[in-house]
Amino acid sequence: MRSEVARAHLLYGEWLHRQGRCTDARAQLRTAYEMLDAMGMWAFAERARRELVATGETVVMRSVKTFTMLTVQETSIARLACDGRTNREIGSQLFLSARTVEWHLRKVFTRLGIASRRELPVALAQLGHDSKPT
C-alpha cells in the first residue's frame with residue numbers, strides 16, 4: 001500500500017509539473033522521492049529525483065557508500081548468520097519470524113553484492129563490521 005501511495009505522489013507531481021505548477025509539484029515529488037528511496041524502489045526514486053531537478057530543485061543522490069550501509073537490524077542478522085545460526089534461530093533470538101529474517105538477508109546479500117552466507121564475513125569486514133554478534 002505504501003508503494004502505491006508513493007507512486008501516486010510521483011504521478012501527481014509529474015502532472016503538476018506538466019501543468020506548470022512547479023512549486024506544488026516539488027512538494028509531491030519530494031515526498032515521492034523520500035518514500036521511494038526509503039523503500040528501496042531505486043528506479044522510481046531516480047525518476048522522482050530527475051523530475052525534481054527539472055522543476056529547479058537540488059536533490060542529493062544516494063552515494064554508493066550509503067547504499068551499501070546496513071541498518072542495525074540487517075547488521076545484527078548478518079552477524080548472527082555469520083555465526084552459523086539458521087533463520088529460525090536468528091528469528092528466535094531477535095523476536096522475528098524466520099521469513100522476516102530471510103527477507104532481511106536477501107536485502108543484505110543484494111546490498112553487499114554477495115550470493116551466500118559463506119561470503120558474509122568478508123563482505124562485513126570490508127564494510128568495517130566485525131562478523132561476530134554483539
Side-chain angles (χ1 to χ4, degrees):
M1 182 70 140
R2 272 185 67 213
S3 64
E4 292 167 354
V5 172
R7 288 190 60 207
H9 281 289
L10 173 60
L11 292 173
Y12 186 46
E14 289 173 333
W15 181 82
L16 287 168
H17 182 229
R18 302 296 177 272
Q19 299 301 310
R21 297 171 54 189
C22 290
T23 305
D24 296 330
R26 282 183 197 122
Q28 295 298 318
L29 293 167
R30 198 174 306 114
T31 300
Y33 176 73
E34 290 168 1
M35 291 177 76
L36 293 163
D37 187 53
M39 286 185 274
M41 296 179 70
W42 313 123
F44 284 112
E46 176 58 20
R47 183 170 144 187
R49 189 197 68 77
R50 280 194 316 264
E51 194 74 21
L52 262 171
V53 169
T55 66
E57 178 99 353
T58 303
V59 183
V60 178
M61 288 180 55
R62 288 174 58 107
S63 69
V64 173
K65 183 178 178 182
T66 59
F67 178 73
T68 57
M69 287 178 50
L70 301 178
T71 65
V72 173
Q73 184 86 325
E74 291 167 346
T75 302
S76 297
I77 290 170
R79 286 177 175 167
L80 290 168
C82 282
D83 200 30
R85 297 201 174 123
T86 66
N87 289 358
R88 182 168 290 204
E89 291 169 339
I90 295 168
S92 175
Q93 183 169 344
L94 299 177
F95 303 101
L96 301 169
S97 72
R99 289 186 67 138
T100 300
V101 171
E102 178 185 343
W103 181 77
H104 280 292
L105 279 174
R106 269 187 275 134
K107 283 178 51 180
V108 168
F109 289 178
T110 300
R111 284 190 179 172
L112 299 179
I114 60 174
S116 72
R117 289 176 184 237
R118 284 180 287 154
E119 299 173 74
L120 268 174
V122 172
L124 287 176
Q126 288 175 345
L127 279 180
H129 296 292
D130 141 2
S131 64
K132 297 295 178 199
T134 54

Residue pairs involving residues 5-17 (criterion salt bridge (charged side-chain N to carboxylate O under 4.0 Å, His left out); sequence neighbours excluded): E14-R47
Atom of E89, atom of G84 and distance for their closest heavy-atom approach: OE1-O, 4.4 Å
Whether S92 side chain and R88 backbone form a donor-acceptor pair below 3.5 Å: no
Within one Ile-Leu-Val-Met-Phe-Trp-Tyr cluster: F109 and I90, side-chain cutoff 4.5 Å: yes
Nearest non-hydrogen partners of A25 and T55, listed with the distance: CB-CG2, 4.4 Å
CH2 on W42 to CG on D37, rounded to 0.5 Å: 5.0 Å
Exercise: identify the closest heavy-atom pair between T31 and A27: OG1-O, 3.0 Å
Same apolar cluster: V5 and M41, side chain cutoff 4.5 Å: yes
Over all atoms of both residues, closest heavy-atom pair of A45 and Y33: O-CD1, 3.1 Å
Hphob cluster co-occupancy, V101 + I114, side-chain heavy atoms under 4.5 angstrom: yes
Among R111, R79, R106, the one residue meeting salt bridge (charged side-chain N to carboxylate O under 4.0 Å, His left out) with E74: R111
E119 CD to L112 CG distance, which is reported to the nearest 0.5 Å: 9.5 Å
Approximate separation, where rounding is to 0.5 Å, of H17 NE2 and R26 CZ: 8.0 Å
F44 with W15, same ILVMFWY side-chain cluster at under 4.5 Å: no
Short N-O contact, E102 and R99, less than 4.0 angstrom: no
Stepwise side-chain contact (heavy atoms from CB on, under 4.5 Å) test for L94 and L80: CA-CA 10 Å; L94 299 177; L80 290 168; 3.9 Å; yes
Check against salt bridge (charged side-chain N to carboxylate O under 4.0 Å, His left out), R50 and E46: CA-CA 6 Å; R50 280 194 316 264; E46 176 58 20; 3.8 Å; yes
Joint hydrophobic cluster, I77 plus V108, side-chain heavy atoms closer than 4.5 Å: yes
Verdict with supporting geometry, L29 and Y12, side-chain contact (heavy atoms from CB on, under 4.5 Å): CA-CA 8 Å; L29 293 167; Y12 186 46; over 6 Å; no
Contacts of type salt bridge (Lys or Arg N to Asp or Glu O under 4.0 Å), residue R21, not counting sequence neighbours: D24
Contact check, side chains of R117 and C82, non-hydrogen atoms, under 4.5 Å: no
Between CG on residue N87 and CH2 on residue W103, distance to nearest 0.5 Å: 14.0 Å
Atom of M35, atom of A6 and distance for their closest heavy-atom approach: CB-CB, 3.7 Å
